[in-house]
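The structure presented is a predicted model; accordingly, all values stated were derived computationally and were not measured. In what follows, chains carry the letters A, B, and so on, assigned in the order in which the sequence lines appear, proteins first and then strands, with residues in each chain numbered from 1.
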Protein chains: 2
Amino acid sequence: MEEKEISKAVIRRLPRYYRYLGELIESGVERISSSELSSRMKVTASQIRQDLNNFGGFGQQGYGYNVKFLYSEIAKILGLDKKHNVIIIGAGNLGHAIANYVAFEKRGFIMTALFDINPERIGKKIRDIEVLPLSELEAYIKENEVDIATLTIPKTAAKEVAERLVNCGVKAIWNFAHTDLNLPEDVLVENVHLSESLMRLSYNITSVEKSREEQK
Amino acid sequence: MEEKEISKAVIRRLPRYYRYLGELIESGVERISSSELSSRMKVTASQIRQDLNNFGGFGQQGYGYNVKFLYSEIAKILGLDKKHNVIIIGAGNLGHAIANYVAFEKRGFIMTALFDINPERIGKKIRDIEVLPLSELEAYIKENEVDIATLTIPKTAAKEVAERLVNCGVKAIWNFAHTDLNLPEDVLVENVHLSESLMRLSYNITSVEKSREEQK
DNA sequence: TAGATTGTTAATCGATTAACAATC
DNA sequence: TAGATTGTTAATCGATTAACAATC
């Protein structure tokens with residue numbers, strides 16, 4: 001009913017609020033004002049209050065925000081109160097790194113299987129997650145619930161595999177391949193383009209150098 | 001002299017233009033109009049022209065843009081025409097993945113060394129990049145030019161190592177640790193927070209589910 | 001109650017899109 | 001020359017910040 005349509009900018013900031021609140025809990029802080037959080041996170045207090053109020057009034061006038069309560073509310077908003085089964089296509093180093101990262105499980109992301117085409121990798125286990133042959137992808141998805149498919153394969157294979165996933169009904173893809181996947185609108189794609197990230201850093205290095213030269 | 005101050009939004013899009021232009025070159029396209037590129041990239045033609053004109057007039061009225069020329073101009077803007085020496089702190093799976101990704105070298109990012117504290121990893125080689133003990137970090141940086149330091153270590157170690165890097169004069173950090181580094185203003189930090197990316201995907205999954213429920 | 005701080009409206013700022021004159 | 005398409009200005013849209021009344 002209340003369709004306010006949350007902007008991407010707000011969503012981009014939510015996980016960061018969540019992370020800071022988690023740290024506050026660890027250090028035993030029970031309540032926090034938007035201005036105190038503002039100085040820690042280096043964003044304006046106004047923005048914090050605006051962002052949070054997109055989802056409801058989590059604070060209390062004169063008091064601020066209860067850290068634990070706000071933390072759990074943001075968890076709900078982000079869907080971290082639900083389990084998500086995640087498969088990983090591509091059991092190379094990057095696939096390994098993600099499968100090994102146990103903190104994901106804590107947030108409800110359960111890594112259930114890896115897939116690869118390399119016979120040497122098939123059958124091996126990472127933690128207790130088995131590496132299956134890519135040829136069994138469809139059969140696996142038919143028998144197991146898959147909420148998120150992670151693509152850690154070269155870009156040459158990515159588009160084809162993505163289509164196979166979509167044909168099996170997978171609705172969310174975490175894409176590490178260096179390419180855009182052109183998929184139907186109802187399929188959610190979250191891209192992690194490492195090379196683009198590195199180029200942005202390179203851009204900033206370059207523009208600092210240029211402005212230093214100009215000062216001479 | 002001409003300090004227009006390019007917005008972050010523009011910089012975020014530049015590597016994507018670069019990628020598409022690279023693909024166009026590969027498929028033999030010699031020239032392209034902003035509207036043709038617009039339909040491929042799913043951004044407005046107006047935005048493409050605005051973005052590019054921040055850096056100069058690369059096109060020609062009535063013709064469009066020469067693909068190879070524009071590609072090489074964007075490369076220059078991104079600093080890809082210069083070599084950047086990159087070290088990697090943390091020779092785990094993620095560090096391995098990055099060290100193994102040869103496409104970075106093509107763009108001028110030369111991986112020169114890995115560092116780790118785990119004795120089992122020290123001395124090993126990835127391609128021909130050696131894994132050195134973290135204790136030698138300072139000595140290495142003194143003797144070798146390091147343009148970018150990559151942090152692929154747990155967040156507990158990240159802040160301390162980042163400070164060591166800054167003390168040695170490193171001016172750019174590519175940070176994969178799940179934490180913010182609070183460093184001096186003149187140190188450039190590019191964050192890759194994988195868990196935040198996964199949470200954004202989870203948010204979108206959740207909000208699709210919610211809107212489906214509301215429709216009932 | 002007085003002080004603190006939120007929730008929310010209004011003002012500002014910046015980014016995107018539209019339009020069109022310039023020009024190849 | 002006529003047609004196409006850029007470069008650029010102006011209009012619109014959206015996001016951020018400021019301000020303050022509501023209220024704990």
| query | Taking the side chain of Gln61(A) as its heavy atoms from C-beta onward, which of dT8(C), dT6(C), dT6(D) lies nearest to it? | reply | dT6(C)

| message | Please classify the nucleic acid contact of Ser35(A) as base, sugar-phosphate, or nothing, using heavy-atom distances under 4.0 Å. | response | nothing

| Gln47(A), nearest nucleotide to its side chain (from dT16(D), dT8(C), dT17(C)) | dT16(D)

| field | Ionic contact status for Lys68(A) with Glu73(A), cut-off 4.0 Å | value | no

| request: Could you check which nucleotide pairs with dC20(C) in any of the strands shown, counting Watson-Crick or G-U wobble with both distances under 3.5 Å? | output: dG7(D)

| field | Distance-only donor-acceptor test (3.5 Å): side chain Gln50(B), base dT9(D) | value | yes

| message | Expressed as a whole number of angstroms, how long is the span from Glu36(A):CD to dA4(C):C1'? | response | 14 Å

| Just to confirm, is there a sub-4.0 Å distance from OP1 or OP2 of dT17(C) to any side-chain nitrogen or oxygen of Thr44(B)? | yes

| field | Side chain Ser46(A) and base dA18(D) donor-acceptor under 3.5 Å | value | yes

| Could you give the distance from OG1 (Thr150(A)) to CD (Glu190(A)), rounded to the nearest 0.5 Å? | 11.0 Å

| task | Send over the distance from Met41(B) CE to dT17(C) P, rounded to a whole Å. | result | 13 Å

| message | Parallel, tilted or perpendicular: which one describes the rings of Tyr18(B) and Tyr71(B), with boundaries at 30° and 60°? | response | parallel

| remark: In Watson-Crick or G-U wobble terms, with both distances under 3.5 Å, the base opposite dA15(C) is dT12(D)

| message | Return whichever of Ala9(A) or Gly62(A) has its heavy-atom-nearest nucleotide of DNA chain D closer to the 5' end. | response | Ala9(A)

| request: Inspect the contact between Asp81(B) and Lys76(B) and indicate whether a charged nitrogen and a carboxylate oxygen are less than 4.0 angstrom apart. | output: no

| request: Nearest whole angstrom, please: distance from the C1' of dT16(C) to the CG of Leu52(B). | output: 15 Å

| said: Please report the distance, rounded to the nearest Å, between CG in Asp51(A) and P in dG14(D). | reply: 17 Å

| query | Does Ser7(B) put a side-chain nitrogen or oxygen below 4.0 Å from OP1 or OP2 of dG14(C)? | reply | no

| Sugar-phosphate only, base, or nothing, as touched by Arg31(B) at under 4.0 Å among non-hydrogen atoms | nothing

| said: How long is the straight-line distance from CE of Met111(A) back to CD1 of Ile87(A), given to the nearest 0.5 Å? | reply: 11.5 Å

| field | Rounded interatomic separation in angstrom, taking NZ from Lys8(A) and C1' from dG14(D) | value | 14 Å

| remark: To the nearest angstrom, the CZ-P distance between Phe55(B) and dG7(D) comes to 14 Å

| Glu196(A) with Arg19(B): basic N within carboxylate O range, under 4.0 Å | yes

| Shortest side-chain distance from Arg49(A), nucleotide among dA15(C), dG7(C), dT8(D) | dG7(C)

| query | CD1 of Ile6(B) versus C1' of dA15(C): gap in Å, rounded? | reply | 13 Å

| task | Check whether any side-chain nitrogen or oxygen of Tyr63(A) sits under 4.0 Å from OP1 or OP2 of dG7(C), and answer yes or no. | result | no

| request: Report the distance from atom CD of Glu73(B) to atom P of dT6(D), rounded to the nearest whole Å. | output: 16 Å

